[in-house]
Amino acid sequence: MKIAIASGKGGTGKTTLSTNLAAFLAEREEVVLVDLDVEEPNSAIFFNRSPEHDEIIYKQIPRWEESKCTLCGICSKVCNFHAIIQLGPSIVVFPELCHSCYACSELCPEGALPMVPKRTGRLAEFQTGNLHFVEGRLDIGEEQAVPAIAKAKKYASQKFGGAVTTIYDSPPGTSCPVIEAVKDADFVILVTEPTPFGLHDLKLAVETVRTLGMPFGVVINRHGIGNDDVEAYCRDEEIPVLAKIPNSRQVAELYSSGKLIYKEIPELRNTLQEIADTCFAAVKGGVR
Amino acid sequence: MKEIVVISGKGGTGKTSVTASFARLAGEEVVVADCDVDAADMHLLLSPDFDFSEEFYSGEVSVIDQSNCIQCGICANACQFAAISFARGIYRIDPISCEGCGYCARVCPTGTIINKPRLSGKWYISNIRTGSLMVHAKLDIGADNSGKLVAKVKNEAKELALEERKAYVLVDGPPGVGCPVVSSLSGANFVVLVTEPTLSGVHDLKRVYELVKKFRLKAGCIINKADLNPEQSDAIRKFLEEENIPHLADLPYDEDFSRAITQGTTIVEYNEGHLKRLLAESWEKIKKLTN
């Protein structure tokens, strides 16, 4: 069972829900938490552990082998991203523009552009009790988040398999990194806040998961601020509201110092249990 | 004309609320650009009229013309993005997974795959109630080119500012440190970092500032919700001192931020007391530091 926790808007409580749900479930079963917000990964902060395993994340880019090159110009012609160009007597590759499509490499008649790994980020892993944690982290200055997201997911699924409950802490937004993060999940939880910003961005996120045809539900965080429009929207659209987490300064303070909130506010255990139950029931019963 | 970009690394620190307040305070002297095209919210506070709109095409998407397809499967083998699948006797390209590299079309022996320009969103020029103009956009779901749409919004805003002889372009940036952020920072004269005193906020501030340093840009910092965690606020102040970043203001943890959003207005209109004073002082400092 894979649960992706996502949102259109940033700062609605994705990481809060991911870390608390993972730690809560890990009290009685094995859980894998994968931080896929590779541009700004924050989940590890809540466990205060250093990595027990780490490795470099690479993407594949072409390397020009001058001795084999005849300067025929095919490579720059076939690259739709302008990532490889001919400058006088040399071929120049722009790694940050390269999408690793292999067209230049495989269409080069001389085999002068083998694909080679280029560092783009770092993967870290640790275990605390039943909780296995995996994080992808993009290097500063690298622009493409997708390869780091794909690597963290692949690592987690190869190591732990599909049987273990897996939680994806996804990046904000609705563009390619989000799709990459949520696409193979069994259920998506969209975290929002009951303000016009929250509602607007929730609608975008709903459009995204509906386009992907995935089952999903909504968690309303900071319930009590703003207005009732998010609830009305969910009612009209027949979207299940899995839980409402009340607005409280105490929650904000606990989050600020990197603490898990359900440990200090025991009522939240029931909330987390209900969220988990609904996800499991929806996946088993095939309910949308 | 100078360009001021507001970013935060972490989402939800108050970027848009702060930027909209500056837009209100600056009135006619700025053109506003909402570069958080993935989840653009500025229009909810500034009452834009969507006066001009245009479709935004960027990159390509490949499509199989079924009539000439001989089901050889070469395209599916070539595709690195698992975008081409075979089901019920036909090959299909999933437009969401397709990166638009066009490799499949090049290797197709019957030439039956075509590349079409990809519609990735829409962009707008609006009159806003501060008496000025705003350039904003809506990215289509799952689109891959948010960096390019960010660049489009920014460039259009710059051109407008030059035409209309405005002093500033004020940019609301996206969260993160990746391609959209890099795109929103290019050409900036001053960067406003909006952070919060949480471990995540501090962590993300440090990462995004590394990027700002790479571009050798001048920056200043606003600590929002500063009283939420005094220890983390001190950690931020220490970081600002070490890096020689001007500390523009401490804003309190105040639910007026959410109330203003709920009313569809800016904080400086909703709370004319201490919040307006603090934001007005920050805006004056930013102008001084930018010029």
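The shortest side-chain heavy-atom distance between B/His203 and A/Pro41 falls under the 4.5 Å cut-off. Using a 4.5 Å heavy-atom cutoff, the side chains of A/Ser256 and B/Lys225 are not in contact.
A/Phe197 approaches B/Asp41 most closely through the heavy-atom pair CE1-O, 3.5 Å.
Neither the backbone nor the side chain of A/Lys259 comes within contact range of chain B; no heavy atoms are under 4.5 Å apart. A/Glu106 touches chain B through backbone and side chain together, each having a heavy atom under 4.5 Å away. Using a 4.5 Å cut-off between heavy atoms, A/Phe81 contacts chain B through its side chain alone, with no backbone atom that close. Residue contact with chain B, scored on non-hydrogen atoms closer than 4.5 Å, involves the backbone of A/Ser100 exclusively. For B/Lys138, the part lying near chain A is the side chain, with the backbone staying farther off; criterion is any non-hydrogen pair under 4.5 Å.
Heavy-atom pairs under 4.5 Å with chain A peak, among B/Val208, B/Val177, B/Val181, at B/Val177.
Going from atom CD1 of B/Ile141 over to atom CD1 of A/Ile179 covers 7.5 Å, rounded to the nearest 0.5 Å.
Residues B/Asp227 and A/Arg249 are paired through a salt bridge, judged by an N-O separation under 4.0 Å between the basic side chain and the carboxylate.
In this structure, the side chain of A/Asn227 does not engage the main chain of B/Thr262 through any donor-acceptor pair within 3.5 Å.
For the 3.5 Å distance criterion, the side chains of B/Asp38 and A/Ser175 qualify, holding a donor opposite an acceptor.
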